Amino acid sequence: MSSTFRCSAAAERRGDELAGTASLVASYLLIEHPGPWGVQALRDSRFPASLGDALQRHATAARVRPLLVRRPGRSAPASRGDGVRVIVASTNVVDPFIETTTLPDFASVLDLDLSALAAGKSLGLERMEGPIFAVCTHGKHDPCCAERGRPIAQALATVEPDRTWECSHLGGDRFAGNLVVLPTGLYYGRLDHDTAVRLTVEHRDGRMLLDHLRGRSNEAMPAQLAEVALRRELGELRIAAVTSQGHTLEDGVTVARYLVHDTSGDTSGDTSGDTSYVVKVRTSLAPERGHLTCRATSESSIPHHEVLSIDRA
């Protein structure tokens, strides 16, 4: 590939759809590390010998997504040399949460019970009030992430300095600038300075920036598309107004079920006024192929989600 090729620009020219592309992740482990970050964040960054591999195995075995994070501008770690700050997040639908602590060193991360985190259980750390905005700026992994991500992180740091982090690879480089909002697990893409700042305002008011939403990371990709399609059909932007009731795969078609709350969007109260919807989505491969990352050496097929129906149950 030419050194001037950019996968995000190519994806825009092709018109790659944004909705239904969030990485499937239910639990996150954020480790503060000022960098530099190598191509594979944990394995290629400056950890003591073999520790990066051990951390990667520890997280992978528990099905938890590890991310290296730092404050925008590669500032000194918040822990200022007195330890390693870690943040864990669960996107559990019933009780999403964020917790944090400072550990003595990177090796101590291996002592965290990540299997419990993956099960949606508290690790007994200090609870944090959300949200956290983690912006992918992992330029060694893909140039688009740095070129489009760092200006976004800098912009958010001016309005949400305590909640904004640069992070390592999130997935979907071609949709840079990318960020994930924790603990909701909402992935957004194709953000720029203005839309990123507007996203924080909307999120504070309990609303989504639907045109930039890639999906909820705790849902399969076809179900992510189903929720976005339902929200567009109803004009529903309130985050809490739509609750997933799960999905099934029937004859190659994803059947996703939702409750839509007609008043406050509070999912803890009476549900007698809620409306049930069923959205059916078929996923196939688009006829057009493309290089999906800047580092890709060959073209790949591009998934395409087609909404077949949206019905009240």
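Keep in mind the model is a prediction, meaning the values are calculated, not measured.
Between Glu233 and Arg231, no side-chain nitrogen of the basic residue sits less than 4.0 Å from a carboxylate oxygen of the acidic one, so the salt-bridge criterion is not met. A salt bridge does not link Arg70 with Glu32: none of the charged nitrogens is closer than 4.0 Å to a carboxylate oxygen. At a threshold of 4.0 Å, the pair Arg295-Asp142 does not count as salt-bridged, since none of the basic side-chain nitrogens sits closer than that to a carboxylate oxygen.
Annotation: side chain of Pro66 is not in contact with side chain of Tyr28 (no heavy-atom distance under 4.5 Å). The shortest side-chain heavy-atom distance between Leu292 and Ser300 falls under the 4.5 Å cut-off. A 4.5 Å side-chain heavy-atom check between Pro131 and Arg163 finds at least one atom pair inside the cut-off. Using a 4.5 Å heavy-atom threshold, the side chains of Leu225 and Val307 count as touching. Proximity of Asn218 to Val25: side-chain heavy atoms (C-beta onward) are nowhere separated by under 4.5 Å. Looking at heavy atoms from C-beta onward, Ile31 lies out of side-chain contact with Val69 at the 4.5 angstrom threshold.
Side-chain atoms of Thr243 and His261 form a donor-acceptor pair, as typed in the model, at a separation below 3.5 Å. A donor-acceptor contact under 3.5 angstrom links the side chains of His304 and Glu17, judged on distance only. No side-chain donor from either of Ser276 and Arg312 sits under 3.5 Å from a side-chain acceptor of the other. Tyr258 and Thr275 share no donor-acceptor pair across their side chains, judged by distance under 3.5 Å alone. Looking only at atom types and distance, the side chain of Glu99 has a donor-acceptor partner in the side chain of Ser122 under 3.5 Å away. Side-chain atoms of His305 and Thr283 include a donor-acceptor pair closer than 3.5 Å. Remark: the Arg214 side chain and the Asn178 side chain contain an N/O donor-acceptor pair separated by less than 3.5 Å. Remark: the Asp192 side chain and the Thr195 side chain contain an N/O donor-acceptor pair separated by less than 3.5 Å. A donor and an acceptor atom, one from each side chain of Thr60 and Gln56, are located under 3.5 Å apart. Side-chain contact annotation: Glu219 with Ser244, donor-acceptor N/O pair under 3.5 Å present. Side-chain contact, Ser50 with Asp53: no donor N or O sits under 3.5 Å from an acceptor N or O.
A ring-centre distance under 6.0 Å is found for Phe47 and Phe106.
Here the side chain of His291 pairs no donor or acceptor atom with the backbone of Thr293 at under 3.5 angstrom. Remark: side-chain polar atoms of Arg127 are not paired, donor with acceptor, to backbone N or O of Thr100 under 3.5 angstrom. Under a 3.5 Å cut-off, the side chain of Arg150 and the backbone N or O of Gly139 do not form any donor-acceptor pair.
Atom CZ in Arg174 sits 8.0 Å away from atom CZ in Arg190 (nearest 0.5 Å). The CG atom of Leu182 lies 10.5 Å from the OG atom of Ser27; values are rounded to the nearest 0.5 Å. Separating the CG atom in Asp173 from the SG atom in Cys7 is a distance of 5.5 Å, to the nearest 0.5 Å. Summarising the geometry, atom CG belonging to Leu51 is positioned 6.0 Å from atom CG belonging to Leu110; distances are rounded to the nearest 0.5 Å.
Environment of CZ in Arg46: sparse, with no more than 12 heavy atoms of neighbouring residues, nucleotides or ligands closer than 6.0 Å.
Residues Arg289 and Ile302 come closest through the heavy atom pair C-CD1, 4.3 Å. The shortest heavy-atom contact between Val181 and Leu179 is CG2-CD1, 3.6 Å. Nearest approach of Ile87 to Ile132, heavy atoms of both residues: CG2-CD1, 3.9 Å. Shortest non-hydrogen contact noted between Cys136 and Ser168 is SG-O, 3.9 Å.
Using the six-membered ring where Trp is involved, His138 and Trp37 have ring planes that are perpendicular, over 60° apart on the 30 and 60° scheme.
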